[in-house]
Amino acid sequence: MKSRRDFLRQVSASTLTLASVAVAAEAATNSPPASKQLRVALVGLGSYAERVATAMKSCTLAKLTGAVTGTPAKADKWAKDFGLNKANIYSYQNFEDLKNNPDIDAVYITLPNSMHHEYVLRAAKMGKHVICEKPMSVSVKQAQEMIAACKAAGVKLYVGYRMHFEPYTRELIRMRQTGELGKIMHVNAYFGFKSGDPNQWRLKKALAGGGALMDVGIYCINAARYATGEEPVWISAEESKTDPVKFKEVDETITWQMGFPSGAIAACATTYNFNNFERLYVVGEKGFVELSPAYGYGPIKGRTHKGEMSWDTSKMHQTWQMDGMANAILNGGPDFNATGEEGLRDMKIIEAIYQSIAANGKKIKLV
Ligand code: NDP
């Protein structure tokens with residue numbers, strides 16, 4: 001009888017095509033010596049940190065070796081679940097002690113959005129490489145300071161743009177780059193979900209910075225940019241709110257358009273008000289790509305003008321991401337553009353969207 005592992009190997013072998021073999025090679029799947037692994041500490045042990053930690057169990061180039069938490073009870077659980085040495089588990093107060101820990105090369109910030117800036121700056125000061133979750137910050141100014149701090153400290157700064165490492169998304173980008181889609185004419189990108197607990201930090205402006213736009217709308221901004229390979233030159237946006245009590249502090253639903261130098265237009269939307277809202281549709285003069293779902297944990301599905309897409313879905317996105325980032329940091333491999341600068345570009349667009357909403361949908365020009 002075949003094991004699940006054999007089955008997955010067989011499925012991935014039969015579905016891997018040349019481009020995904022290249023993706024796999026770029027993410028460096030050969031087992032390196034242990035000393036050649038990027039040793040990572042996660043900062044803020046919430047639900048996303050747990051997902052990243054689980055995904056890292058399957059990494060070859062990245063290894064979880066530490067953690068930082070404000071909840072002492074999590075230390076035992078994380079030591080047990082992820083094989084961490086308890087001496088490598090820190091609090092927010094003694095975070096700086098991590099500086100001299102030779103078991104930790106990089107920290108991965110998975111805290112609420114408004115805390116990213118402080119912890120990226122503190123990590124850079126310690127001389128550790130930094131991976132920071134999206135949105136990178138809650139303002140353009142913060143993002144610029146984070147990039148400058150990492151540059152000054154001589155450490156790398158990446159943003160947790162996992163889709164940049166995901167095979168279906170990589171194929172979309174490859175098709176655009178090689179001209180298979182022809183001139184890109186239109187992008188339709190939307191992503192949202194029904195937000196639950198009214199007391200969660202995501203609905204508090206001081207911790208989240210914004211609502212659906214900062215949380216998941218950012219995937220659509222980023223996708224429109226990797227689908228066109230261009231930066232928008234204008235934006236117009238509108239917000240609607242069906243529950244002004246729950247969404248008193250942050251945005252609930254936003255629709256926006258972005259115009260690109262080539263003339264391509266992106267029509268985008270995001271929400272915290274309903275489910276089943278996740279798609280990326282890219283139309284060029286010679287063909288199209290449709291990914292749906294396009295941004296969630298997957299499996300991502302898609303079709304193009306050539307037919308159904310079939311790519312390797314055997315790995316968690318965060319496994320691709322962490323091996324890819326480790327390969328970039330350790331070996332100078334491709335960073336798939338998941339950099340601090342990429343995060344800053346999205347933050348500029350987020351600010352322009354809020355600016356347009358505040359001006360009743362006025363078209364905002366971006367320089
Ligand atoms: P959670 O609420 O599940 O976890 C956040 C953790 O941060 C908490 O568990 C806590 O960990 C720590 N924390 C410290 N101070 C606070 C505070 N004042 N309020 C709340 N938590 C605090 O959030 P997520 O894991 O869902 O999100 C974390 C980050 O990851 C966000 O920036 C989010 O945008 C991003 N994210 C990215 C995803 C992706 O696919 N790339 C998906 C989901 C989230 P402790 O108890 O250890 O101190």
Side-chain angles (χ1 to χ4, degrees), residues 43-44 46-52 108-117 119-120 131-140 142-143 146 159-164 166 169 189-226 235 237-244 246-256 258 266 268-280 293-298 317-318 321 338 342-354 356-357:
V43 184
S47 61
Y48 197 62
E50 257 197 79
R51 180 169 289 270
V52 172
Y108 190 158
I109 315 294
T110 48
L111 289 161
N113 308 342
S114 69
M115 299 173 76
H116 295 176
H117 174 258
Y119 281 85
V120 167
I131 302 163
C132 175
E133 253 321 307
K134 45 57 53 179
M136 152 181 202
S137 60
V138 294
S139 71
V140 168
Q142 283 189 348
M146 291 154 81
V159 178
Y161 286 127
R162 61 186 159 76
M163 304 319 297
H164 289 217
E166 186 281 323
T169 307
Y190 48 83
F191 191 23
F193 67 96
K194 188 162 181 62
S195 171
D197 178 7
N199 298 314
Q200 62 184 300
W201 66 260
R202 280 183 167 78
L203 304 185
K204 297 187 169 69
K205 191 165 180 2
L207 283 165
L213 181 65
M214 284 233 181
D215 193 16
V216 287
I218 191 170
Y219 284 90
C220 305
I221 295 171
N222 202 248
R225 291 180 45 252
Y226 57 67
I235 278 166
E238 286 179 9
E239 181 184 3
S240 60
K241 210 168 264 203
T242 61
D243 189 343
K246 184 170 181 180
F247 301 103
K248 184 166 173 244
E249 296 188 23
V250 299
D251 46 278
E252 178 195 300
T253 301
I254 294 180
T255 56
W256 72 99
M258 301 193 276
C268 308
T270 187
T271 189
Y272 266 167
N273 192 36
F274 46 86
N275 291 324
N276 303 309
F277 196 55
E278 181 178 347
R279 182 172 178 248
L280 172 59
Y295 321 100
Y297 299 140
H317 296 175
Q318 297 80 5
Q321 175 201 326
E342 177 79 353
L344 170 61
R345 287 180 204 113
D346 284 348
M347 288 313 301
K348 285 183 176 166
I349 294 169
I350 285 174
E351 281 197 357
I353 289 172
Y354 286 134
S356 174
I357 290 167

CZ/Phe191 to OG1/Thr271 distance, rounded to the nearest 0.5 angstrom?
-> 12.0 Å
Return the minimal non-hydrogen interatomic distance between Arg225 and Ile349, and the atom names on each side.
-> CD-CD1, 3.4 Å
Expected output: side-chain His116 to main-chain Cys132 donor-acceptor under 3.5 Å | no
Mind listing the closest non-hydrogen atom pair of Ala294 and Arg279 along with its distance?
-> CB-C, 4.1 Å
Atom CG of Asn276: over 12 foreign heavy atoms under 6.0 Å | no
Short side-chain to backbone donor-acceptor contact, Thr110 and Gly44, under 3.5 Å | yes
Applying side-chain hydrogen bond (donor to acceptor under 3.5 Å, both in side chains) to Thr242 and not counting sequence neighbours gives Glu252, Asn273
Report, as yes or no, whether the 6.0 Å neighbourhood of atom NZ on Lys205 holds more than 12 heavy atoms from other residues, nucleotides or ligands.
-> no
Can you measure from OG1 (Thr169) to CE (Met163) and round to the nearest 0.5 angstrom?
-> 3.5 Å
Any side-chain heavy atom of Thr255 sitting closer than 4.5 Å to one from Tyr190?
-> no
Please list, one pair per line, the donor and acceptor atoms closer than 3.5 Å that link side chains of residues 211-218 to other protein atoms, with sequence neighbours excluded.
from	atom 1	to	atom 2	distance (Å)
Asp215	OD1	Lys134	NZ	3.2
Asp215	OD2	Arg202	NE	3.0
Asp215	OD2	Tyr272	OH	2.8

Yes or no on side-chain contact (heavy atoms from CB on, under 4.5 Å) for Asn222 and Glu342, after CA distance, side-chain angles and deciding distance?
-> CA-CA 9 Å; Asn222 202 248; Glu342 177 79 353; 3.0 Å; yes
Glu50 atom CD: more than 12 heavy-atom contacts under 6.0 Å | yes
pair Tyr219-Arg162: side-chain heavy atoms closer than 4.5 Å = yes
In this structure, CG of Asp346 is separated from CD1 of Ile221 (nearest 0.5 Å) by 5.5 Å
Distance-only, no hydrogens or angles: does the Lys241 side chain make a donor-acceptor pair with backbone N or O of Val250 under 3.5 Å?
-> yes
Going by atom types alone, do Gln321 and Tyr161 pair a side-chain donor with an acceptor below 3.5 Å?
-> no
Here the pair of heavy atoms bringing Tyr119 nearest to Val43 is CD2-CG1, 4.2 Å
Do Lys348 and Arg345 come close enough that some side-chain heavy atom pair is under 4.5 Å?
-> no
Tyr48 meets the side-chain hydrogen bond (donor to acceptor under 3.5 Å, both in side chains) criterion, sequence neighbours left out, with Gln318
Under the side-chain contact (heavy atoms from CB on, under 4.5 Å) criterion, do Trp256 and Cys220 qualify, and how do the steps go?
-> CA-CA 10 Å; Trp256 72 99; Cys220 305; 4.0 Å; yes
For Ala206, does its backbone N or O pair with a side-chain atom of Ser114 as donor and acceptor, under 3.5 Å?
-> yes
Interatomic spacing from OG1 in Thr253 to CZ in Phe277 - rounded to 0.5 Å | 8.0 Å
How close do Val138 and Ala208 get, heavy atom to heavy atom, and via which atoms?
-> CG1-O, 3.8 Å
Nearest heavy-atom pair of Gln200 and Ser195: which atoms, and what distance?
-> NE2-OG, 3.2 Å
What closest approach, in Å, do Ile353 and Ala237 show between heavy atoms, and which atom pair accounts for it?
-> CG2-CB, 3.6 Å
